[in-house]
Amino acid sequence: MKTRHVYSTTGIDMVKDGIRVARQSGIAHEDVSLVAREDIELEAIPEERKVVDNDFYPAALRGAGIGGASGLLAGLVAVAIAPIGLTLAGAGAMALAGAAVGAWASALAGSAIPDPVRRKFEDEIEQGRILLVLDGDAETLDRASPRLADIGAKRLPFDTPTALS
């Protein structure tokens, strides 16, 4: 399982060094991303390095789980009520429909919410710092952390499992 760590850097040169250190420590190319103020992102950060600016995927996963559980519960209640005539297969279909509706509704709502890193470190971002966001297993992140500190990157208090790892 991958975990997400966030480091604060003071400029694009430190970010470049941080990316180099992360890659040398074994962090995959697609597991390195950046978060910065909008004007800095437009000028200095390549599109593939930007963190997705919303909570779309985690919200969709939460919605699918909650919607599926709600649909299953409603289906089982309908099975218990004899006049409705719903079978267990119908209860399963209601669970699937609930998961689909829950995922869709939650993803729409989540797309309007900034990602957790951007929300938590808004002050760092507004001060013009660029956040280096790394996803990796504990061993790889532990190997990278002291090397990132050596170049001046400051580790921020964020140690969260990634949503889709």
Side-chain angles (χ1 to χ4, degrees), residues 1-70 95-96 98-165:
M1 182 157 142
K2 290 183 181 178
T3 302
R4 178 164 287 172
H5 285 184
V6 179
Y7 297 85
S8 177
T9 65
T10 56
I12 199 67
D13 291 333
M14 188 184 292
V15 166
K16 288 178 183 176
D17 290 342
I19 292 171
R20 181 183 43 76
V21 164
R23 297 287 293 124
Q24 289 172 349
S25 298
I27 295 174
H29 175 77
E30 61 273 4
D31 291 335
V32 177
S33 51
L34 305 171
V35 178
R37 212 172 48 213
E38 190 173 317
D39 60 320
I40 296 170
E41 283 184 349
L42 290 174
E43 292 175 17
I45 299 176
E47 194 64 37
E48 73 271 5
R49 291 276 183 223
K50 292 180 186 174
V51 170
V52 176
D53 288 336
N54 60 48
D55 199 27
F56 181 84
Y57 292 111
L61 292 174
R62 286 189 303 271
I66 293 169
S70 300
L96 288 174
V101 170
W104 174 72
S106 295
L108 284 177
S111 67
I113 299 170
D115 74 282
V117 172
R118 191 173 288 278
R119 283 193 313 257
K120 184 167 184 172
F121 303 114
E122 189 175 340
D123 291 340
E124 289 278 326
I125 295 166
E126 287 304 313
Q127 292 175 16
R129 294 189 180 89
I130 302 172
L131 304 183
L132 177 62
V133 181
L134 305 177
D135 295 336
D137 59 68
E139 181 182 319
T140 306
L141 291 169
D142 288 345
R143 188 171 45 245
S145 195
R147 296 179 68 201
L148 288 164
D150 288 345
I151 65 164
K154 180 179 95 175
R155 177 139 180 240
L156 299 176
F158 195 87
D159 189 11
T160 306
T162 57
L164 300 174
S165 62

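Quick caveat, the model's predicted, so the values are computed rather than measured.
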query: Hey, what do you get for CG (Leu148) to CZ (Arg20), rounding to the nearest 0.5 Å?
result: 10.0 Å
message: Let's go through Phe121 and Val35 carefully: what are the C-alpha distance in whole Å and the side-chain angles of both, what is the deciding distance for side-chain contact (heavy atoms from CB on, under 4.5 Å) to 0.1 Å, and is it a yes or a no?
response: CA-CA 10 Å; Phe121 303 114; Val35 178; over 6 Å; no
task: Kindly check if the number of other-residue, nucleotide or ligand heavy atoms within 6.0 Å of CD (Gln24) is above 12?
output: yes
task: Taking atom types as modelled, find out whether His5 and Arg155 have a side-chain donor-acceptor pair closer than 3.5 angstrom.
output: yes
- prompt: Do Leu132 and Ile19 touch side chain to side chain, with heavy atoms closer than 4.5 Å?
  reply: yes
statement: Ala153 and Tyr7 have their tightest heavy-atom pair at CB-CB, 4.1 Å
- request: With side-chain contact (heavy atoms from CB on, under 4.5 Å) as the test, would you mind laying out the steps for Leu34 and Leu131 before giving the verdict?
  value: CA-CA 5 Å; Leu34 305 171; Leu131 304 183; over 6 Å; no
field: Salt bridge flag under 4.0 Å for residues Arg4 and Asp135
entry: yes
- request: Measure the shortest side-chain to side-chain distance between Arg23 and Ile27 over non-hydrogen atoms and say whether it is less than 4.5 angstrom.
  value: no
field: Spacing of OG belonging to Ser8 relative to CG belonging to Asp123, to within rounding of 0.5 Å
entry: 11.5 Å
- request: Test Asp31 against Leu134 for side-chain contact (heavy atoms from CB on, under 4.5 Å), laying out the working first.
  value: CA-CA 6 Å; Asp31 291 335; Leu134 305 177; over 6 Å; no
query: For Gln127, what residues pass the side chain to side chain donor-acceptor pair (under 3.5 Å) criterion, not counting sequence neighbours?
result: Arg129
- line: Minimal heavy-atom distance between Ala144 and Ser25, with the atoms involved, is CA-OG, 3.5 Å
- request: Can you sort out the partners of Lys154 under salt bridge (Lys or Arg N to Asp or Glu O under 4.0 Å), two or more places apart, ordered by chain and number?
  value: Glu124
task: Please list all pairs passing the salt bridge (Lys or Arg N to Asp or Glu O under 4.0 Å) test where one or both residues lie in residues 136-148, with sequence neighbours left out.
output: Glu139-Arg143
task: For Thr9 and Ile130, indicate whether the former's side chain and the latter's backbone hold a donor-acceptor pair under 3.5 Å.
output: yes
